[in-house]
Amino acid sequence: RTLPAEAGRPAAAFLEKRMTMAATQDYLDHIGRWRAERLERLKAEDGWLNLVGRWDLAPGITTLGSDPASAIVLPGGPAHIGTVTLGDDGIVVFTPRDSAPIRITPDAKVPPRVDAGRFLFEIMSVGDGLSLRARDREHPARLSFAGIDSFDLDEGWRIVADWIPLDQPYEAEVDTMVGTVNKVMVTHKAAFEHDGARYELLPSYGTAQAPQFVIRDRTAGTETYPASRFVYGEEIADGTIVLDFNKAINPPCAFTDFAVCPLPPAQNVLPFRIPVGEKRLAQ
């Protein structure tokens with residue numbers, strides 16, 4: 001087992017005892033820093049460890065607060081935080097109890113956020129509707145999270161794949177774990193060979209510089225999270241893209257019930273084991 005990066009040692013020190021012929025020292029150092037940054041992002045105020053709820057919004061006014069009479073009851077904080085109003089035009093207005101209303105235009109790619117003291121609210125586009133998601137800055141999980149177990153490193157799983165533009169980019173439908181369907185524009189595919197067979201992966205989200213691949217392999221359900229893991233492409237240049245499966249990570253849904261995670265497209269379900277990257281969380 002690799003040791004969690006939060007053990008109070010230098011970023012790469014927790015990997016030194018795992019050093020094998022499968023990974024060079026420079027690569028061990030790189031992954032050590034990457035894992036430390038990954039843990040820092042998870043435990044941040046806008047990470048995946050402090051979500052406390054996600055509620056579908058109906059047209060009209062919705063009250064928020066810890067008061068049990070609120071339409072959305074929050075776990076702590078002021079009895080009355082304010083209201084959220086969803087208009088017929090799809091615009092959301094957040095009205096804090098003691099300050100001016102905030103007009104919000106939903107964005108499916110980057111959910112708008114509202115800072116409300118202890119809580120951080122987000123307006124999520126889920127299928128054809130909108131949801132309100134809340135993060136609690138005082139959530140104990142931010143401080144108590146024990147880290148993520150991972151497979152041993154193997155630099156051979158850092159693959160330089162072909163990055164191939166599609167003849168006809170298209171809008172793909174992406175199923176999610178909550179039963180909704182999102183639409184994303186697909187312009188490229190990543191192709192590589194493994195054990196003499198060729199595989200082509202489609203990106204779902206991410207950016208042009210770091211496209212996100214939602215994958216599932218034969219470790220799913222036993223050693224890794226059942227639904228999927230995420231891999232982000234790197235170092236795109238001259239028709240190639242780096243797929244470093246040592247950086248395969250658990251999706252947000254592995255950490256919280258209040259995320260909306262994509263499922264892998266059929267061609268991203270791989271018929272072999274990828275014994276690197278993050279393992280599933282301890283039950």
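The structure presented is a predicted model; accordingly, all values stated were derived computationally and were not measured.
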- Message: For a side chain to side chain contact (heavy atoms under 4.5 Å, CB included) check, start with the C-alpha distance between Leu263 and Met177, then their side-chain angles and the critical distance, and finish with the verdict.
- Response: CA-CA 6 Å; Leu263 292 170; Met177 290 183 63; 3.6 Å; yes
- Query: Cation-pi between Arg41 and Trp48: NZ/CZ under 6.0 Å from ring centre and within 45° of the ring axis?
  - Reply: no
- Task: Any chance you could lay out the side chain to side chain contact (heavy atoms under 4.5 Å, CB included) test for Thr62 and Ile72, step after step, and finish with the verdict?
- Result: CA-CA 7 Å; Thr62 300; Ile72 292 178; 3.7 Å; yes
- Message: How about CD1 on Ile164, more than 12 heavy atoms from neighbouring residues, nucleotides or ligands closer than 6.0 Å, or not?
- Response: yes
- Task: Please check if the side chain of Ser66 supplies one atom and the backbone of Gly77 the other of a donor-acceptor pair under 3.5 Å.
- Result: yes
- Hey, are Glu278 and Arg229 close enough for a salt bridge, meaning a charged N less than 4.0 Å from a carboxylate O? no
- Message: Any salt bridge linking Arg113 with Asp46? Criterion: basic side-chain nitrogen under 4.0 Å from a carboxylate oxygen.
- Response: yes
- Side-chain donor/acceptor of Asp115 to backbone N/O of Gly117, under 3.5 Å: yes
- Message: Take a 6.0 Å sphere around CG of Asp88 and say whether it holds more than 12 heavy atoms from other residues, nucleotides or ligands.
- Response: no
- What are the two closest heavy atoms between Asn182 and Thr176, and how far apart are they? ND2-CG2, 3.6 Å
- Taking the side chain from His139 and the backbone from Ala141, do they hold a donor-acceptor pair closer than 3.5 Å? yes
- Between Leu132 and Val93, is there a shared hydrophobic cluster once you connect ILVMFWY residues whose side-chain heavy atoms come closer than 4.5 Å? no
- Task: Give the cluster check for Ile249 versus Phe245: same hydrophobic cluster or not, with ILVMFWY residues linked at side-chain heavy-atom distances below 4.5 Å.
- Result: no
- Distance col, row Leu57:CG vs Met124:CE, nearest 0.5 angstrom, shows 11.5 Å
- Query: Where do Ile91 and Asp89 come nearest, in terms of heavy atoms and distance?
  - Reply: N-OD1, 3.0 Å
- Any donor and acceptor pair, going by atom type alone, linking the side chain of Thr222 with main-chain N or O of Thr219 inside 3.5 Å? yes
- Are Leu74 and Val92 connected in a single hydrophobic cluster, I mean Ile/Leu/Val/Met/Phe/Trp/Tyr linked by side-chain heavy atoms less than 4.5 Å apart? yes
- Note on the structure: Taken in chain and number order and not counting sequence neighbours, the residues that satisfy ring-ring contact (aromatic ring centres under 6.0 Å, His included) with Tyr205 are none
- Message: Counting only heavy atoms from other residues, nucleotides and ligands, does the tally under 6.0 Å from CZ of Arg137 exceed 12?
- Response: yes
- Query: Closest heavy-atom contact between Pro106 and Pro112?
  - Reply: CA-CG, 4.1 Å
- May I ask you to test the Thr187-Lys189 pair for a side-chain heavy-atom distance under 4.5 Å? no
- Task: Kindly indicate, with the supporting measurements, whether the criterion side chain to side chain contact (heavy atoms under 4.5 Å, CB included) is fulfilled by Phe258 and Cys253.
- Result: CA-CA 7 Å; Phe258 305 120; Cys253 292; over 6 Å; no
- Message: Working note: Asp136 + Arg118, criterion salt bridge (charged side-chain N to carboxylate O under 4.0 Å, His left out); need CA distance, chi angles, decisive distance, verdict.
- Response: CA-CA 6 Å; Asp136 182 358; Arg118 173 175 170 175; 2.9 Å; yes
- When Arg273, Arg280, Lys279 are each screened for side-chain hydrogen bond (donor to acceptor under 3.5 Å, both in side chains) with Glu223, the one that passes is Arg273
- Message: Is the ring pair Phe192/Tyr199 parallel, tilted or perpendicular, if the boundaries are 30 and 60 degrees?
- Response: tilted
- Would you say the side chain of Pro75 lies within less than 4.5 Å of the side chain of Val52, judging by non-hydrogen atoms? yes
- Group every Ile, Leu, Val, Met, Phe, Trp and Tyr by side-chain heavy-atom contacts under 4.5 Å, then state whether Ile81 and Val73 land in the same group. no
- In a check of side-chain hydrogen bond (donor to acceptor under 3.5 Å, both in side chains) between His30 and each of Arg158, Lys247, Glu155, which one passes? Lys247
- Query: Quick check: does any side chain N or O of Arg216 sit under 3.5 Å from a backbone N or O of Ala227, one acting as donor and the other as acceptor?
  - Reply: yes
- Task: Could you pull out all residues at least two apart from Glu40 that satisfy side-chain hydrogen bond (donor to acceptor under 3.5 Å, both in side chains)?
- Result: none
- Do Val114 and Ile104 have side-chain heavy atoms sitting under 4.5 Å apart? yes
- Item | Nearest heavy atoms of Asp217 and Ile274, plus distance in Å | OD2-N, 2.9 Å
- Message: How long is the straight-line distance from CD1 of Ile215 back to CG of Leu243, given to the nearest 0.5 Å?
- Response: 9.0 Å
- Treating Ile, Leu, Val, Met, Phe, Trp and Tyr as nodes and any side-chain heavy-atom pair under 4.5 angstrom as an edge, say whether Val214 and Val269 lie in one connected cluster. no
- Task: Quick one: pull up CG in Leu64 and OG in Ser70 and give me the separation to the nearest 0.5 Å.
- Result: 7.0 Å
- Message: For a 4.5 angstrom cut-off between non-hydrogen side-chain atoms, does Val186 reach Pro265?
- Response: no
- Could you tell me the separation between the CD atom of Gln209 and the CD atom of Glu235, rounded to the nearest 0.5 Å? 13.5 Å
- Item | Gln212 CD to Phe230 CZ distance, which is reported to the nearest 0.5 Å | 4.5 Å
- Heavy-atom closest pair, residues Pro275 and Trp157: CD-CZ2, 3.7 Å
- Item | Verdict with supporting geometry, Val242 and Ile159, side chain to side chain contact (heavy atoms under 4.5 Å, CB included) | CA-CA 6 Å; Val242 171; Ile159 295 173; over 6 Å; no
- Item | With Asn246, the side chain to side chain contact (heavy atoms under 4.5 Å, CB included) member among Asp152, Val276, Val231 | Val276
- Message: Assess, by modelled atom type and distance only, whether the side chains of Asp244 and Tyr232 contain a donor and an acceptor separated by less than 3.5 Å.
- Response: no
- Message: The test is salt bridge (charged side-chain N to carboxylate O under 4.0 Å, His left out); show your working for Arg198 and Glu200 and say whether it passes.
- Response: CA-CA 7 Å; Arg198 182 177 174 86; Glu200 297 181 346; 3.7 Å; yes
- Could you check whether the rings of Phe121 and Phe94 sit parallel, tilted or perpendicular, using 30° and 60° as the cut-offs? tilted
- Rounded to the nearest 0.5 angstrom, the CZ-CG distance for Phe255 and Asn250 is 4.5 Å
- What are the two closest heavy atoms between Val178 and Ala259, and how far apart are they? CG1-O, 4.3 Å
